[in-house]
Amino acid sequence: MEPLEYERMARVEEAHWWYRGMADLVAGLLARYTATNGTLRLLDAGCGTGGALAFDLKSLGLAFGCDVSPLALAHCRRRQLDRTARASVAGLPYPDDTFDIVTSLDVIYERAVIDDRMAIREMTRVLRPRGLLLVRAPAHDWLRGQHDAATHTARRYTLASLGRRLTDAGLELAHGTYANASLFPVVVAKRLLERLVPPAATTSDLDWEAGPLNRPLHLLLRAESRIAVRLGLPLGLSVICVARKADTA
């Protein structure tokens, strides 16, 4: 990820409608598939600047994070997140069977993750038996835009392709859905426009300030997340899968 993108993330992720809406969806899925009673051990694998750890995941129990970028971890330290480590998601510095939940929120698609299947196997390794892995990633390779250049996108996923990676790692797929369906047509139009009129090389989707639309957009994603958690959505800009590790023999 470009260094400037970490600055953008740290600046907006506490209140930006997309981050808040995705947090609602993650919270709903974890509540559905595990007992979120404040006593769990959780790892955010590829925690970035620590927004999810600081604002969303810490209420579930003892939350840890790791990231390969020292720039990202510097933001974690500023947020006083002291259970963080510098490590790749393909080489986690934790023993087998350590965590009840592992989250990977928009990480495995990056080109810094050379082998996404290896990363998923590594996240599976540190899960306890019957532990839960939640993976979120950008959807549909044809939706690439300038933001993908800023975030070093190597790959995008369909629901089927992400689900296969989880089951290939020996996990039992519990739920899969697309997310951010409401704005799907708007973003498709934006991507087509970018191809006709290329934006500046430093442009990112996070540059757009929603202003008075921030709360309505968040509420739209929150309402959508209730459907995604229960029934799943057939299209969207992101794909999310929840899978469970098998009991040991």
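Start at 1 with the first residue, then count along the sequence. Predicted, not measured: the structure shown is a model, and the values here were computed from it. Below, each value reflects all heavy atoms present in this structure, side chains not excepted, and no hydrogens, waters or symmetry copies.
In this structure, R226 does not pair ionically with D24, as no charged nitrogen and carboxylate oxygen lie closer than 4.0 Å. With respect to R155 and D141, no salt bridge is recorded, no charged nitrogen being found less than 4.0 Å from a carboxylate O. Classification of D168 and R121 as a salt-bridged pair fails, no side-chain N sitting under 4.0 Å from a carboxylate O. Taking a cutoff of 4.0 Å between a charged side-chain nitrogen and a carboxylate oxygen, E14 and R79 do not qualify as a salt bridge. Classification of D96 and R125 as a salt-bridged pair holds, one side-chain N sitting under 4.0 Å from a carboxylate O.
Nearest heavy atom pair, residue A243 against residue L171, reads CB-CB, 3.7 Å. When all heavy atoms are compared, the tightest approach of R136 to S238 is CG-CB, 4.5 Å. Annotation for C76 and C47: closest pair SG-SG, 3.9 Å, computed over non-hydrogen atoms. Of all non-hydrogen atoms in A228 and T177, the two that sit nearest each other are CB-OG1, 3.7 Å. Scanning both residues, D148 and R156, for their nearest heavy atoms gives OD1-NE, 3.0 Å. Here the shortest heavy-atom pairing between A52 and L105 reads CB-CD1, 3.9 Å.
Linking ILVMFWY side-chain heavy atoms closer than 4.5 Å, directly or via other members, places V26 and L219 in two distinct hydrophobic clusters. Hydrophobic clustering, with ILVMFWY side chains joined whenever heavy atoms are under 4.5 angstrom apart, groups L25 together with Y33. Under the 4.5 Å side-chain contact rule for hydrophobic residues, F55 and W17 do not share a cluster. Taken together through direct or relayed side-chain contacts under 4.5 Å among Ile, Leu, Val, Met, Phe, Trp and Tyr, Y178 and L183 form part of one hydrophobic cluster. Note on I114: it does not cluster hydrophobically with I120, by side-chain heavy-atom contacts below 4.5 Å among ILVMFWY residues.
With K245 contributing its side chain and P129 its backbone, the two residues share no donor-acceptor pair below 3.5 Å. Within the 3.5 Å criterion, the main-chain N or O of G163 finds a donor-acceptor partner in the side chain of T167. A donor-acceptor pair is defined here as one N or O able to donate and one able to accept, closer than 3.5 Å; such a pair exists between the side chain of E122 and the backbone of L92.
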(request) Quick one: do E224 and S182 satisfy side-chain hydrogen bond (donor to acceptor under 3.5 Å, both in side chains)? Show the steps, please. (result) CA-CA 8 Å; E224 181 184 286; S182 304; 2.6 Å; yes
(message) Could you go through L162 and I108, starting from their C-alpha distance and side-chain angles, then the distance that decides it, and tell me whether this counts as side chain to side chain contact (heavy atoms under 4.5 Å, CB included)?
(response) CA-CA 10 Å; L162 183 56; I108 65 168; 3.9 Å; yes
(request) Please lay out, stage by stage, how Y157 and D116 fare under the test side-chain hydrogen bond (donor to acceptor under 3.5 Å, both in side chains). (result) CA-CA 11 Å; Y157 298 85; D116 57 346; 2.7 Å; yes
(request) Would you check, one step at a time, whether the test side chain to side chain contact (heavy atoms under 4.5 Å, CB included) holds for L42 with D100? (result) CA-CA 6 Å; L42 178 142; D100 300 291; over 6 Å; no
(request) Applying side chain to side chain contact (heavy atoms under 4.5 Å, CB included), run through R77 and L81 and close with a yes or a no. (result) CA-CA 5 Å; R77 288 192 294 273; L81 299 169; over 6 Å; no
(request) Could you go through the side-chain hydrogen bond (donor to acceptor under 3.5 Å, both in side chains) check for T49 and E13 one step at a time? (result) CA-CA 9 Å; T49 56; E13 60 191 335; 2.3 Å; yes
(request) Verify salt bridge (Lys or Arg N to Asp or Glu O under 4.0 Å) between R130 and E172, making sure each step is shown before the conclusion. (result) CA-CA 9 Å; R130 305 306 297 164; E172 175 188 333; 3.8 Å; yes
(request) Might you work through the side chain to side chain contact (heavy atoms under 4.5 Å, CB included) test for V126 and L43, ending with a clear yes or no? (result) CA-CA 9 Å; V126 302; L43 172 66; 4.3 Å; yes
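Between N180 atom CG and S225 atom OG the span is 11.0 Å, to the nearest 0.5 Å. Interatomic distance, L60 CG to L62 CG, rounded to the nearest 0.5 Å: 11.5 Å. Rounded to the nearest 0.5 angstrom, L133 CG and L127 CG are separated by 6.0 Å. To the nearest 0.5 angstrom, L53 atom CG is 10.5 Å from F64 atom CZ. Here the CE atom belonging to M22 is positioned 12.5 Å from the CZ atom belonging to R222, to the nearest 0.5 angstrom. A distance of 8.5 Å separates NE2 of H175 from CD1 of I240, quoted to the nearest 0.5 Å.
Screening L134, T103, L132, T34 against L29 for a side chain to side chain contact (heavy atoms under 4.5 Å, CB included) leaves a single residue, L134.
A heavy-atom distance below 4.5 Å is not found between the side chains of R111 and T153. In this structure the side chain of V135 reaches within 4.5 angstrom of the side chain of L166, judged on heavy atoms. For the pair D67/D44, no side-chain contact is recorded, criterion being any heavy-atom separation below 4.5 Å from C-beta on. Inter-residue side-chain proximity for T158 and S161 is flagged as met; some heavy-atom pair is nearer than 4.5 Å. With a 4.5 Å cut-off on side-chain heavy atoms, M9 and H75 do not count as touching. At least one side-chain heavy atom of R230 sits less than 4.5 Å from a side-chain heavy atom of R32.
The side-chain hydrogen bond (donor to acceptor under 3.5 Å, both in side chains) analysis of residues 80-89, with sequence neighbours excluded, yields no pairs.
The ring of W18 has its center no closer than 6.0 angstrom to the ring center of H16.
Other residues sharing a hydrophobic cluster with V89 under the 4.5 Å side-chain heavy-atom criterion for ILVMFWY residues are V107, V113.
In this structure, R215 places its CZ atom where only 12 or fewer heavy-atom neighbours from other residues, nucleotides or ligands lie under 6.0 Å away.
Applying the ring pair (Phe, Tyr, Trp, His ring centres under 6.0 Å) criterion to Y94, with sequence neighbours excluded, gives F99.
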